[in-house]
Structures are given as structure tokens and as C-alpha cells.
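Structure record follows, encoded as C-alpha cells.
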Amino acid sequence: ISQEYYDGLLMFEISNNEVWQKSTLDTLGLENFFEKNKKNFKFEKPRFKGMLFFCKSEQVFHDIVAALDGCDESERVSIIAEFNKEEQKVRILRGPIEKGKNKYVDSVVFGEGEFELREDYPYVDIIGKAITYPEELSDSYGDVVNAYQDYLEDKWVKKLHREIPYKVNKKVLNSIIH
């Protein structure tokens, strides 16, 4: 039992080094993998990529719309933070948001269903668009990391098969299978 425990820990450590950590620490490899395999990550349902913002007052709403006009995504969060410096006047919800997960997005972006405005933040707008596949890694990060882990593991196993000779005892294998 102690040998099995030792082997299990060893296998875990090797897998961690060869697959799991590598898939999250090798950002360049992950990005390259995503770029080469973009077409494989089509969403089952379309998603809204962007930002919903909810405002307490009509004046803040108009000020925010004007301030965000023409800004890129990285600037938007800091602009909204300025509006919320003294009190929270604006709330944001960032995407991607899958169709069917938010009534407002479903209604405004996908033209389906109805929504009720919040009493405390009644002024709402969106900045963004609907997408059916990830345009960048962050649009589908979890799925890409999982696929990259599978790729790394497959590559590692093939390398082991090439470098380490092995023989399958078919008599023992068949006794286990049947």
C-alpha cells in the first residue's frame, strides 16, 4: 500500500509539472495553442462580449455614456471607478455572458424575452456585441486551458512511448478485461 501511495504521489507530481502547471504558467504556449485551434472553441450558445452598466440616476447615465464613448475596454473600468469614488453610482457586469444567463442581455442583445429594471439602478445600457466563437483567449479561458492540458498530456505520453520501451502482457490484460 505504501508503494502505491508513493507511486500515486510521484505520478501526481510529474503530471503537475508536465501538464497542469505548464498549462497555466506557459502563457505564450497557451496563447499559441488558442490561435492555432480557435475554430475548435465555438460556443454552444452565443455570448455577449462586453459590459452592462447600471446607473442610479439619469444624469450619471448620460455622463457615463459620454465618458465611455470611444474608449477602449481597458479604460472603461477606470472611468467607471472615477464615478464610484465617493459612492457607488454605477454597477457593471462584464461578459462574456452566455445567452440565457441574463434577462437584460437576452432582451437587448439577442432580442428574446423581457426584463424588469432594477429599482435602485434603473438606467441600463450595454457596450459590446454578440459572439459565437471566442475572439481572444479570455473569451473562453477555461475551455482552452482544459484542451491545452489534454494536448500537453497527449504529447507527454507520446514522448514517453518513444523514449521508454514497454511490452504489454496480453494474457494478464485479457484476464482483467474479461
Could you check Ile80 against Met51 for side chain to side chain contact (heavy atoms under 4.5 Å, CB included), going step by step and ending with a plain yes or no? CA-CA 11 Å; Ile80 290 174; Met51 175 189 297; 3.5 Å; yes
Taking the side chain as every heavy atom from C-beta outward, state whether Tyr141 and Leu30 have any atom pair closer than 4.5 Å. yes
Determine, step by step, whether Val60 and Tyr123 satisfy the side chain to side chain contact (heavy atoms under 4.5 Å, CB included) criterion, reporting the C-alpha distance in whole Å, the side-chain angles of both residues, the deciding distance to 0.1 Å, and the verdict. CA-CA 9 Å; Val60 170; Tyr123 301 93; over 6 Å; no
Nearest heavy-atom pair of Ile127 and Phe48: which atoms, and what distance? O-CZ, 3.4 Å
Not counting sequence neighbours, which residues clear salt bridge (charged side-chain N to carboxylate O under 4.0 Å, His left out) with Glu31? List them please. none
In chain order, what residues pass the salt bridge (charged side-chain N to carboxylate O under 4.0 Å, His left out) check against Lys158, with sequence neighbours excluded? Asp154
Please report the C-alpha distance between Asp26 and Tyr148 in whole Å, then the side-chain angles of each, then the deciding distance to 0.1 Å, and finally whether the side chain to side chain donor-acceptor pair (under 3.5 Å) criterion is met. CA-CA 10 Å; Asp26 180 14; Tyr148 190 48; 2.9 Å; yes
Treating Asp106 as the side-chain partner and Lys99 as the backbone partner, does any N or O pair qualify as donor plus acceptor under 3.5 Å? no
Under a 4.0 Å N-O cut-off, is there an ion pair linking Glu114 with Lys103? no
Do other residues, nucleotides or ligands put more than 12 heavy atoms under 6.0 Å from Glu44 CD? no
Ser23 and Val145 have their tightest heavy-atom pair at OG-CG1, 3.9 Å
Test: Arg91 cationic atom under 6.0 Å from Tyr121 six-membered ring centre, within 45° of axis: yes
Return yes if some donor-acceptor pair links the side-chain N/O of Asn174 with the main-chain N/O of Lys170 below 3.5 Å, else return no. yes
Under a 4.0 Å threshold between the charged nitrogen and the carboxylate oxygen, would Lys129 count as salt-bridged to Glu135? yes
In one Ile/Leu/Val/Met/Phe/Trp/Tyr side-chain cluster, 4.5 Å: Leu25, Phe34: no
Would you name the heavy atoms of Thr132 and Lys42 that are closest together and state the gap between them? O-CG, 3.5 Å
Is Val124 linked to Phe61 within one hydrophobic cluster, defined over Ile, Leu, Val, Met, Phe, Trp and Tyr using a side-chain heavy-atom separation of less than 4.5 Å? no
Going from CD1 on Ile14 to CG on Leu9, what distance comes out if it is rounded to the nearest 0.5 angstrom? 11.0 Å
d(Asp150 CG, Lys155 NZ) to nearest 0.5 Å is 14.0 Å
Find the distance between CZ (Phe53) and CD1 (Ile92) and round it off to the nearest 0.5 Å. 10.5 Å
To check you understand the geometry: which heavy-atom pair defines the closest contact between Ala130 and Val109, and what is its length? CB-CG1, 3.9 Å
Does any part of the side chain of Phe54, heavy atoms only, come nearer than 4.5 Å to the side chain of Val90, both counted from C-beta? no
Should Leu93 and Phe83 be counted in the same cluster of Ile, Leu, Val, Met, Phe, Trp and Tyr side chains packed under 4.5 Å apart? no
Ser78 side chain to Glu75 backbone, donor-acceptor under 3.5 Å: yes
Is a salt bridge present between Asp120 and Lys56, judged by a nitrogen-to-oxygen distance below 4.0 Å? no
Between Leu52 and Arg94, is any pair of side-chain heavy atoms under 4.5 Å apart? no
Leu10 reachable from Ile164 in the ILVMFWY side-chain graph, under 4.5 Å edges: yes
Counting N and O atoms only, with roles assigned by atom type, does the side chain of Asp63 sit under 3.5 Å from a partner on the main chain of Ala66, one being a donor and the other an acceptor? no
For Phe115, does the CZ atom sit with more than 12 other heavy atoms under 6.0 Å from it, leaving out its own atoms? yes
Sub-6.0 Å ring centroid separation between Tyr151 and Phe33: yes
Under-4.0 Å salt bridge between Lys49 and Glu136: yes
Are Trp20 and Phe12, when compared by the centres of their aromatic rings, separated by less than 6.0 Å? yes
Least distance between heavy atoms, Gln149 atom then Val19 atom: O-CG1, 3.4 Å
Ignoring hydrogens and geometry, is there a side-chain-to-backbone donor-acceptor pair from Asn37 to Asn40 under 3.5 Å? no
So NZ of Lys101 and CD1 of Ile97: to nearest 0.5 Å the spacing works out to 11.5 Å
Just verifying a value: how many Å separate Tyr166 OH and His161 NE2, rounded to the nearest 0.5 Å? 4.5 Å
Determine, using the 4.5 Å side-chain heavy-atom cutoff (strictly less than), whether Val144 and Tyr133 are members of one ILVMFWY cluster. no
How many angstroms lie between CD1 in Ile64 and CG in Asp69, if you round to the nearest 0.5 Å? 12.5 Å
